[in-house]
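This report concerns only the one structure given below.
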Amino acid sequence: MDFFHTQNRKYPTKRNKQRLNQEQVSLLERSFISNNKLEPERKLQLANQLGVPPRQVAIWYQNKRARWKTQNLELDYNELQQKLESALVEKRRVEKEVERLKGELEKAKEMVCALKQTVDPQVSCNSISFDHEAARSSSLHAADVNCSIENNGEFLPLNEDFYACFIV
């Protein structure tokens with residue numbers, strides 16, 4: 001009966017669980033940094049070094065790994081949150097740029113319409129067409145853009161010099 005309650009125990013009993021002091025925690029932290037998995041030999045070595053039961057070392061490692069994973073998840077979440085916010089800012093910037101460009105395109109269409117009506121007042125302004133693929137090019141040149149006015153079913157190319165005035 002006295003077998004489980006002997007006084008010659010090397011480690012404190014469960015009732016007298018010993019809290020780790022700062023030096024012991026520091027040693028465990030350094031050990032954890034070098035390897036976050038605890039091998040049985042390393043567990044016994046640390047337990048002897050610290051003067052605590054191997055089970056306490058194993059539990060400390062288990063708890064530390066859980067805290068470490070949580071911290072890493074929080075860091076990953078914060079990083080993803082920042083990337084999302086950056087992407088949303090960029091999306092809003094691009095949307096504003098698209099709206100600005102649509103406004104410029106509308107102004108250009110109105111100018112072409114006004115010019116067209118001075119040339120032939122009977123021509124409808126709804127017949128103006130632009131080659132949008134060419135207009136999307138970042139290096140716009142008047143010769144590269146195909147712009148035309150439909151006049152009685154016939155497409156008339158606009159003068160390069162005329163279109164060049166629309167390029168900003």
Side-chain angles (χ1 to χ4, degrees), residues 19-43 45-46 56-168:
R19 288 188 58 83
L20 300 173
N21 63 35
Q22 191 58 41
E23 290 176 19
Q24 291 171 320
V25 171
S26 180
L27 176 68
L28 286 169
E29 292 280 350
R30 285 192 306 271
S31 176
F32 184 84
I33 288 170
S34 66
N35 190 2
N36 65 358
K37 298 286 184 188
L38 187 61
E39 301 295 327
E41 305 85 38
R42 183 71 179 142
K43 177 173 58 174
Q45 179 188 7
L46 285 170
Q56 188 173 358
V57 172
I59 290 171
W60 185 92
Y61 257 77
Q62 184 178 359
N63 292 338
K64 178 65 177 177
R65 264 193 311 276
R67 286 190 305 271
W68 179 72
K69 285 180 183 177
T70 301
Q71 288 172 345
N72 283 344
L73 281 175
E74 287 175 8
L75 291 173
D76 291 346
Y77 173 81
N78 290 337
E79 184 179 327
L80 286 173
Q81 192 69 28
Q82 287 177 347
K83 287 181 180 179
L84 174 63
E85 288 171 11
S86 295
L88 290 173
V89 166
E90 178 66 12
K91 178 183 178 263
R92 285 190 290 272
R93 186 193 67 74
V94 168
E95 286 172 344
K96 285 179 183 178
E97 179 71 8
V98 166
E99 287 304 312
R100 184 186 68 77
L101 291 172
K102 283 181 180 178
E104 286 184 23
L105 179 60
E106 217 33 61
K107 286 179 188 175
K109 284 181 179 180
E110 289 171 8
M111 291 175 74
V112 168
C113 181
L115 179 65
K116 185 171 98 173
Q117 286 189 340
T118 60
V119 172
D120 187 356
Q122 296 180 0
V123 175
S124 166
C125 287
N126 294 333
S127 62
I128 300 171
S129 66
F130 290 95
D131 182 350
H132 296 289
E133 288 301 317
R136 270 189 219 150
S137 169
S138 60
S139 57
L140 278 178
H141 299 294
D144 295 339
V145 178
N146 179 14
C147 182
S148 60
I149 299 176
E150 184 180 345
N151 186 12
N152 298 327
E154 177 183 339
F155 284 98
L156 304 171
L158 291 178
N159 183 324
E160 281 182 16
D161 297 331
F162 168 75
Y163 188 72
C165 72
F166 294 121
I167 301 173
V168 180

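- Smallest separation of non-hydrogen atoms from Asn36 and Tyr61: O-CD2, 3.8 Å.
- The closest side-chain donor-acceptor pair between Arg42 and Gln45 falls under 3.5 angstrom.
- Side-chain contact of Arg30 with Ser26: a donor-acceptor pair under 3.5 Å is present, judged by distance alone.
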Could you walk me through whether Leu88 and Arg92 satisfy the side-chain contact (heavy atoms from CB on, under 4.5 Å) test, starting with their C-alpha distance in whole Å, then the side-chain angles of each, then the deciding distance to 0.1 Å, before giving a yes or no? CA-CA 6 Å; Leu88 290 173; Arg92 285 190 290 272; 3.9 Å; yes
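- The CG atom of Leu115 sits 8.5 Å away from atom CE of Met111, with the distance rounded to the nearest 0.5 Å.
- Side-chain atoms of Arg65 do not come within 3.5 Å of backbone N or O of Lys37 as any donor-acceptor pair.
- Distance check: Thr118 OG1 to Lys116 NZ gives 11.0 Å after rounding to the nearest 0.5 Å.
- If you take CG on Leu80 and CG on Leu75, they are separated by 11.0 Å, rounding to the nearest 0.5 Å.
- Put simply, the side chain of Gln82 never gets that close to the backbone of Glu79: no donor and acceptor are under 3.5 Å apart.
- Crowding of Glu23 atom CD: a count of heavy atoms from other residues, nucleotides or ligands under 6.0 Å not exceeding 12.
- Annotation: side chain of Val89 is not in contact with side chain of Glu85 (no heavy-atom distance under 4.5 Å).
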Tell me, with the steps shown, if Leu46 and Trp60 meet side-chain contact (heavy atoms from CB on, under 4.5 Å). CA-CA 11 Å; Leu46 285 170; Trp60 185 92; over 6 Å; no
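- Salt bridge annotation for Lys102-Glu106: absent, with no cationic side-chain nitrogen under 4.0 angstrom from a carboxylate oxygen.
- Smallest separation of non-hydrogen atoms from Gln24 and Arg19: OE1-O, 4.0 Å.
- One finds the CD atom of Gln22 at 8.5 Å from the CD atom of Glu29 (value rounded to the nearest 0.5 Å).
- A salt bridge does not link Arg93 to Glu97: none of the charged nitrogens lies less than 4.0 Å from a carboxylate oxygen.
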